[in-house]
Each structure stands twice: as C-alpha cells, then as structure tokens.
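Got a structure for you, written out below as structure tokens; questions coming shortly.
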Amino acid sequence: MIDFRDVVLDALTSALANTDGAPDRAGLAKALSHPKDQSMGDLAFPAFPLAKALRKAPPAIAAELGATITAALAPDGAIARVEVVGPFLNFFAAPGVLLADLLRSLDDGSFDSFCHADERERVMVEFSQPNTHKVFHVGHLRNVAVGDALQRVYRARGHDVVAANYYGDFGVDVAKCLWWLKHEDVGTPPAIGRGAWLGKAYAATTARLEELKEKDAVAFEALHTELRAILADIKSGDTEMARLYAETRQWCLDEFAEVYGWLDVHFDTDFFESELEEPGHAIVDEYLAKGVFEHSQGAIVCMLDAYDLGPALVRKSDGTSLYLTWDLVLARRKFDEFGVQRSLYVVGAEQTFHFKQLFATLERMGYERAVDCRHVAYELVMLPDGKMSSRKGKVIPFFELRSALRDAIDSKMRSAERGSRDDWTEEQWETTIDRIAVACLRYGMLSVSNTTRVIFDIDAWTNLEGESGAYLMYGLARISGIFAKASEDPRSAAIAKGDLAAAATLAPAFGAEAERALLTHLLRYPRVLAQVEAQADPSFLASWLYDGAKLFSRFYHDCPVLKAEPDLMGARLALVRAAERVLSGGLRTLGVEPVAQM
RNA sequence: GCGCCCGUAGCUCAGCUGGAUAGAGCGCUUGCCUCCGGAGCAAGAGGUCACAGGUUCGAAUCCUGUCGGGCGUACCA
C-alpha cells in the first residue's frame with residue numbers, strides 16, 4: 001500500500017539531505033498540510049519553517065525545492081507533479097498509480113493492515129451501562145453510539161477488543177421501583193416499554209420521598225427502612241419480593257437485548273452491579289489492612305491529597321459501598337482476569353471527577369496500568385426546549401423514538417417519486433427502514449464531537465434531506481445502481497468484471513476535480529481511524545464519511561460512468577469500486593450497515 | 001471559592017498538535033431530471049470566529065485575563 005504522504009516526505013527529505021539545519025522527517029511531516037482547494041494539489045508544504053535555517057525567503061526556498069524534487073520525479077511514481085505557489089510547495093498525486101494501488105491493497109488485505117496501529121493491544125471498552133427499572137431514553141443512546149463506534153474503530157485498528165456492558169441492576173433505586181409496585185395500584189405492565197413503565201414507579205417513589213422529607217420526617221425514615229428491607233429481601237433469595245425483582249429485572253434485560261439487537265451492538269462480556277457488593281467489601285477490607293485506605297469521619301476513604309483530589313469515599317459510614325467501590329472491583333477484574341492493557345470507560349462528562357478519583361485510587365493500590373485507563377467523556381443530550389428530565393417525564397423513551405424514526409422514513413420512502421420498490425418484499429421494507437433509522441440515529445449522535453451537547457430534535461433528525469445518516473447510505477445505494485446497470489450492457493459488464501486495478505493504470509489521468517478529490521479523500525481513511533483512536537472521538541469518522549458522501553455525490557453528478565469512453569469508463573468504474581469498498585467499510589465501522597437500494 | 005467543558009452565519013454544528021480567500025446542513029432566494037436513483041447537484045444572500053491583551057513571518061486555532069452558559073466539587077448512582 002502506497003502512502004502518498006510518505007512518498008512526499010521521502011521526496012522532501014532527499015531534496016533536503018545535504019542542507020544543514022533542515023528539519024528532520026518528523027518535523028517535515030508536522031508542517032505538511034492539505035491545500036485549501038483541491039485545484040492546488042493534494043498535499044502542501046509551506047516553506048516558512050525553513051526560512052530561518054536557510055537564511056532565505058520562503059518563496060525562494062519553495063522554488064529551489066520544487067525544482068530539485070521535480071528533477072528527481074519518477075515518470076510512473078505516485079507524485080504526478082509539483083507546483084510552486086509563492087511560499088507553498090503543492091504536490092499533485094498521480095491518480096492512476098494510487099487508484100490502482102488502492103484497489104490491489106483492498107483485494108489482498110494490505111489496506112486493512114495499513115489501518116492497523118503500530119502496537120496492537122488488548123483493549124476493553126466499557127459502555128452503555130443501562131439501569132434496570134428505569135426508562136431507557138435517547139440520552140442513553142448517545143453512549144451506545146459512541147462506545148460501539150469506538151470499539152469498532154479499535155477493532156479496525158487491529159486491537160484485541162473486549163466490549164463490555166455494565167448493568168445497574170441493583171441498589172436503592174431498584175427498591176424504590178419495587179416498593180411502588182407493591183404498595184400502589186399500577187395496573188398491568190404494557191407489552192412494549194416495560195422499562196419505561198417501571199421507571200415511572202421508581203420516579204413516583206422518588207417524588208414521594210422528596211415530599212415526605214419536607215413534611216414528615218418520621219414517615220420519611222420509615223419509608224427508607226422499608227426500602228432497606230426490600231434490598232435485604234432481594235438478597236435473601238426466596239421471597240416474594242425477590243421473585244418480583246427477578247421478574248422485573250428480566251423484563252429490562254430483555255428490552256436492552258431488543259435495543260442492542262436493533263442497533264446491531266454486541267458485547268463480549270457483561271458485568272452486573274448486583275454481583276459486586278460482596279467483592280466490594282472484600283477489596284475495601286484488603287486495602288484497609290494494607291494501609292492504603294483509612295477511616296475518616298466514620299467512613300472509609302482513600303486519601304488522594306497528593307493528586308489534589310481530596311478523599312475518595314469507598315465505604316459509607318452505614319457500612320455500604322458505592323459506585324467507586326464497585327469500579328475498583330471491576331478494574332481489578334479487567335486487569336487480572338481479562339489481562340487488558342488499556343481500558344476505556346465511555347461515561348458522561350459529569351462523571352469526570354469520579355474517574356479521576358478512580359484512576360488515582362487504582363494507582364495508590366499499586367496498579368501501574370491505571371495510566372492506561374481513560375475516561376471517554378461525552379456531553380449530555382438535550383431537547384430543543386432544554387435539558388431532559390425523567391422525573392418530569394421530559395424524555396423520549398427508546399421505543400417511542402424508534403417508532404417515530406420508522407414512521408418518518410416509511411412515509412418518506414412511500415412518497416419518493418424515484419426508485420422502483422414495487423417488487424420489494426415486506427421483509428425488505430422492514431430491513432431497509434430499520435437500517436436507515438439506525439443510520440440517522442447513529443449519525444445524529446456521532447456527527448458532533450464528544451464535548452458538544454447534542455440537541456435531539458425529532459423533526460430535524462427525521463428530515464432526510466441534507467446532512468443525515470441517510471445521505472451517507474445514499475451514495476452507496478447509487479453505486480450499487482451503477483454496477484447493476486453496468487451488468488446489463490455486455491460492453492460495460494466486461495470492464496466492470498475485469499481487472500479494475502489495471503483499468504485504473506491504463507486510463508488517462510482524471511481530468512475532473514471531482515475524481516481526484518474523491519480519490520484522495522478515500523486515501524485519508526487510515527489516518528482518520530488513527531485520529532479517532534487518539535482522540536477517542538468517533539465524530540472524526542462521521543464527518544469523514546459525510547465528506548466522502550458529499551464528494552461522491554459531486555463526482556456522480558459531474559462524471560458519468562457508463563456513458564464515458566471505454567478507458568475513462570474503466571478508470572471511473574475502478575474509482576467507484578474503491579469508493580464502495582472504503583466508504584462501506586467506514587460506514588460499518590461507524591455501526592451502519594449499507595443497503596443496495598433505498 | 002476551586003476544577004473540567006463550551007462560546008464560530010438567523011438556527012444546529014465542523015474547522016483547534018498555528019499556514020493560502022473561515023466551511024457544511026437547516027431555513028431564505030434561484031437554476032438543474034427524455035439523463036448511472038432529485039434522499040441529489042449548482043449558485044446567491046448571511047461572519048468584528050464572545051471580548052481584551054500576549055507569543056510570531058503568520059492566530060478561529062497556542063498563552064493570560066475578562067464576560068457569558070453548562071457540569072462537578074466524600075456518605076446519590
């Protein structure tokens with residue numbers, strides 16, 4: 001696999017080989033940038049950084065370098081030509097050479113390995129972490145979209161990935177839900193959306209407690225005592241409450257499975273909060289004995305003054321444990337049982353302090369690999385009129401959201417004038433609608449960076465015109481159309497089935513800007529994956545995909561494929577094939593499965 | 001008070017390890033289907049990149065400060 005960037009760096013380093021004070025290869029690489037405009041080349045080198053060392057004006061340096069490099073260019077190399085524009089040195093890629101190489105690399109697998117990280121590691125990506133007995137809403141979907149895209153990118157980068165889920169299936173909130181079910185008339189649970197239904201019970205008890213806190217301290221305490229009793233009941237196993245817990249918990253787990261199935265999300269391992277209580281006590285005792293943890297104000301803490309993080313509470317004064325305690329247990333299992341080298345936690349930004357404390361505590365416990373733990377923080381999902389609130393019922397539950405998306409796409413497809421779907425089976429309709437819905441949802445969540453709040457506007461997200469997940473799929477559907485059409489005509493069929501890599505080489509250089517722009521965009525894909533990994537932010541992939549779809553649309557409009565002369569048709573078919581392979585690979589890495597027709 | 005995040009077009013956001021004329025979508029105005037799929041393409045209008053200093057050949061991008069918004073800051077999860 002040829003890396004155009006490497007080729008350009010080679011040319012620059014050898015041109016500067018005998019120049020004192022010239023930057024090394026890494027320095028040159030840092031200076032390389034993309035020209036503002038495709039007509040100005042594919043990679044640019046500004047000569048400013050050399051001005052001091054060479055004691056010459058940047059335009060003069062650029063002119064000299066340009067001449068040296070041009071003289072050394074191989075006739076069939078990856079660099080077609082070099083242009084000097086003032087202080088800039090603009091490199092133009094040779095499309096035939098790079099396209100042919102790209103197609104061969106896609107076929108023999110070297111493209112995939114080119115995407116791999118230098119060091120391939122065992123990485124755990126923990127994400128989703130849904131709570132049972134509570135409503136699962138759009139806010140939770142951002143976590144799933146980010147986490148799943150990240151774990152897919154890590155796999156594409158060649159890492160050995162463990163995707164982990166962590167269910168919040170125990171605790172006082174669960175008891176609040178069960179208490180309401182037991183004491184109030186709740187009717188019968190619905191067939192769909194039982195998690196949301198249980199969530200209402202939880203919210204009702206929470207509201208009751210707040211009310212009592214103001215008015216009736218005795219009743220407030222009494223209710224708390226009842227909640228603790230419920231938790232004890234659940235643990236004891238064979239009680240009516242334990243059976244109610246098991247049943248309602250299973251409803252929620254079944255619904256989560258439905259959500260993940262619809263989104264095509266898979267976990268390699270599941271953790272449950274309900275299993276961490278006992279080991280949590282053990283780990284606190286152990287490190288208390290070792291002197292790492294200490295007593296403080298009736299509770300047990302890990303002092304983190306050295307990290308400027310205060311004391312981290314690991315056991316409350318009533319003897320019960322907390323989130324942090326359970327995360328210590330999980331971290332130990334991740335290191336010791338799973339042998340992970342790196343550990344990612346995809347959790348909302350409001351937990352930043354918690355994870356700082358967690359990682360510092362792990363360090364104090366002697367886990368050196370704590371430095372390879374990373375909190376992937378993302379911002380909240382907001383509604384157009386403000387923050388979501390499950391207590392006020394101001395949320396969009398998953399099942400409502402899914403119906404809304406499906407309905408919008410269904411009506412869009414039925415009203416579309418183009419596209420013959422008369423022969424579609426009911427199953428094809430359903431599959432296609434679901435894939436587009438997932439694409440819109442995932443793209444909507446991932447098109448902004450982790451640190452930006454997402455505004456979930458159901459009207460905007462179901463508008464399929466313009467920038468949306470559907471647009472990303474549209475280009476690939478058109479590509480399928482091109483190959484379907486090509487196979488109908490013997491002349492184009494022969495070319496399409498032939499050696500497209502050879503066709504790419506033999507064809508004349510692309511004349512249209514849209515062709516070169518699309519090709520060079522495809523070649524950037526491996527760097528985009530590396531960037532996503534480095535920043536732990538899938539939005540770079542999402543925007544690369546959007547730009548790719550945009551460039552393909554322009555190409556599609558400007559450059560007819562099947563009506564071109566044979567040589568050009570071959571080259572364009574080669575480009576279309578490469579676009580299909582790279583863009584669909586990228587789309588799947590974002591978690592979106594393309595369709596041949598839509 | 002302290003810590004983290006954010007402030008770019010009417011709206012929603014890219015661009016931020018410094019580089020050429022600050023981009024996209026929505027909305028508004030206007031062209032383009034006998035054509036490989038119009039879920040599209042092209043054009044127009046719309047900007048003191050919150051503000052003030054600093055660093056340098058060059059700042060939306062880096063540093064400092066101010067203002068504005070969000071979140072967090074041991075017995076919730």
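A note on names: the letters A, B, ... follow the listed sequences, proteins ahead of strands, and every chain is numbered from 1.
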Stems in RNA chain B: runs of 3 or more consecutive Watson-Crick or G-U pairs, distances under 3.5 Å?
B:1-7 with B:67-73, B:10-13 with B:23-26, B:28-32 with B:40-44, B:50-54 with B:62-66

Pairs involving residues 451-464 of chain A, ordered by first then second residue, that meet side-chain hydrogen bond (donor to acceptor under 3.5 Å, both in side chains) (sequence neighbours left out):
A:Ser449-A:Thr452

How is A:Asp489 classified with respect to the nucleic acid when contacts are heavy atoms under 4.0 Å: base, sugar-phosphate, or nothing?
nothing

Summarise how protein sits on nucleotides 72-77 of chain B as a single string, 5' to 3': B when a protein heavy atom is under 4.0 Å from the base, S for sugar-phosphate-only contact, - for no contact.
S-BB-B

Set of salt bridge (charged side-chain N to carboxylate O under 4.0 Å, His left out) partners for A:Arg55, sequence neighbours left out:
none

Cationic N near anionic O, under 4.0 Å, A:Arg577 to A:Glu580:
yes

Measure from CZ on A:Arg577 to C1' on B:C36 and round the result to the nearest Å.
14 Å

How would you label the contact of A:Pro87 with the nucleic acid (heavy atoms, under 4.0 Å): base, sugar-phosphate, or nothing?
nothing

Cation over ring, A:Lys134 on A:Tyr202, under 6.0 Å and within 45°?
yes

Can B:C33 be described as syn, meaning its chi torsion is within 90° of 0, or is it anti?
syn

Counting C-beta onward and ignoring hydrogens, is there a side-chain heavy-atom pair between A:Met473 and A:Met598 closer than 4.5 Å?
yes

Just to verify, what does A:Glu275 make a salt bridge (charged side-chain N to carboxylate O under 4.0 Å, His left out) with, not counting sequence neighbours?
none

Who pairs with A:Arg374 by salt bridge (charged side-chain N to carboxylate O under 4.0 Å, His left out), at least two apart in sequence or on another chain?
none

All N/O donor-acceptor pairs, side-chain side in residues 474-485 of chain A, below 3.5 Å, sequence neighbours left out:
unit_1   : atom_1 : unit_2   : atom_2 : d
A:Arg478 : NH1    : A:Ser553 : OG     : 3.4
A:Ser480 : OG     : A:Leu476 : O      : 3.2

Looking across every strand, which nucleic acid part, if any, lies under 4.0 Å from A:Ala44 by heavy atom: base, sugar-phosphate, or nothing?
base

By nearest nucleotide on RNA chain B, pick out whichever of A:Leu43 and A:Cys559 is the more 5' one.
A:Leu43

Same-atom distance (C1') from B:U8 to B:C49, integer angstrom
4 Å

Rounded to whole Å, please give me the gap between CZ in A:Phe88 and C1' in B:G19.
5 Å

Of all the choices, B:A42, B:A20, B:A39, which nucleotide is nearest to the side chain of A:Arg554 once you look at every atom?
B:A42

Using the salt bridge (charged side-chain N to carboxylate O under 4.0 Å, His left out) criterion, which residues pair with A:Asp327? Sequence neighbours excluded.
none

Pairwise C1' distance for B:C28 and B:U34, with rounding to whole Å
32 Å

Please give, in whole Å, the distance from B:G58 P to A:Leu50 CG?
18 Å

Would you mind classifying the nucleic acid contact of A:Pro59 as base, sugar-phosphate or nothing, using non-hydrogen atoms under 4.0 angstrom?
nothing

Please give the distance between the C1' atoms of B:A14 and B:C57 as a whole number of Å.
28 Å

Ring centres within less than 5.5 Å and planes less than 30° apart: is that true of A:Phe48 and B:G19 in this structure?
yes

If the plane angle is over 60° it's perpendicular, under 30° parallel, otherwise tilted; pick one for A:Tyr166 and A:Phe271.
perpendicular

Rounded to whole angstrom units, what separation is found between the CD atom of A:Glu379 and the P atom of B:C71?
9 Å

Whole-Å gap separating C1' (B:U34) and NZ (A:Lys563)
11 Å

Rounding to an integer number of angstrom, what distance separates B:G19 and B:C4 when you compare their C1' atoms?
30 Å

Tell me whether A:Arg249 forms a cation-pi arrangement with A:Phe272, defined as NZ or CZ under 6.0 Å from the six-membered ring centre and within 45 degrees of its axis.
yes

Nucleotide by nucleotide, nucleotides 25-32 of chain B touches protein heavy atoms under 4.0 Å in the pattern (B base, S sugar-phosphate only, - none) SS------

Taking only residues two or more places apart in sequence or in another chain, which ones pass ring-ring contact (aromatic ring centres under 6.0 Å, His included) with A:Tyr525?
A:Trp544

Taking the C1' atom of each, how far is B:G7 from B:G15, in whole Å?
15 Å

To the nearest Å, give me how far apart CG (A:Asp37) and C1' (B:A22) are.
14 Å

Of all pairs that satisfy side-chain hydrogen bond (donor to acceptor under 3.5 Å, both in side chains), the ones with a partner from residues 21-32 of chain A, not counting sequence neighbours
A:Asp6-A:Arg25, A:Asp10-A:Arg25

Between A:Lys550 and A:Asp547, is there a salt bridge with N-O shorter than 4.0 Å?
no

Tell me: CG of A:Leu575 to C1' of B:C36, nearest whole Å?
14 Å

If you measure only the distance, is there a donor-acceptor pair under 3.5 Å linking the side chains of A:Asp305 and A:Tyr307?
no

Could I get a table of every N or O pair under 3.5 Å where one atom is in the protein and the other is in nucleotides 8-15 of chain B?
unit_1 : atom_1 : unit_2   : atom_2 : d
B:C13  : OP1    : A:Arg453 : O      : 2.9
B:A14  : OP1    : A:Ser449 : N      : 3.0
B:A14  : OP1    : A:Ser449 : OG     : 2.7
B:A14  : OP1    : A:Thr452 : OG1    : 2.4

What interatomic distance, in whole Å, is found between C1' of B:G23 and the corresponding atom of B:U66?
29 Å

What's the gap between B:G40 and B:G53 when it is taken at their P atoms, as a whole Å value?
45 Å

Cation-pi, A:Trp180 ring and A:Arg208 (6.0 angstrom, 45 degrees)
no

Report which part of the nucleic acid A:Met473 touches: base, sugar-phosphate, or nothing (heavy-atom distance under 4.0 Å, all strands).
nothing

With the side chain of A:Lys356 defined as its heavy atoms from C-beta on, choose the nearest nucleotide among B:C36, B:C4, B:A20.
B:C4

I'd like the P distance from B:U30 over to B:U64, given in whole Å.
50 Å

Between atom CE in A:Met388 and atom C1' in B:G70, what is the gap in whole Å?
15 Å

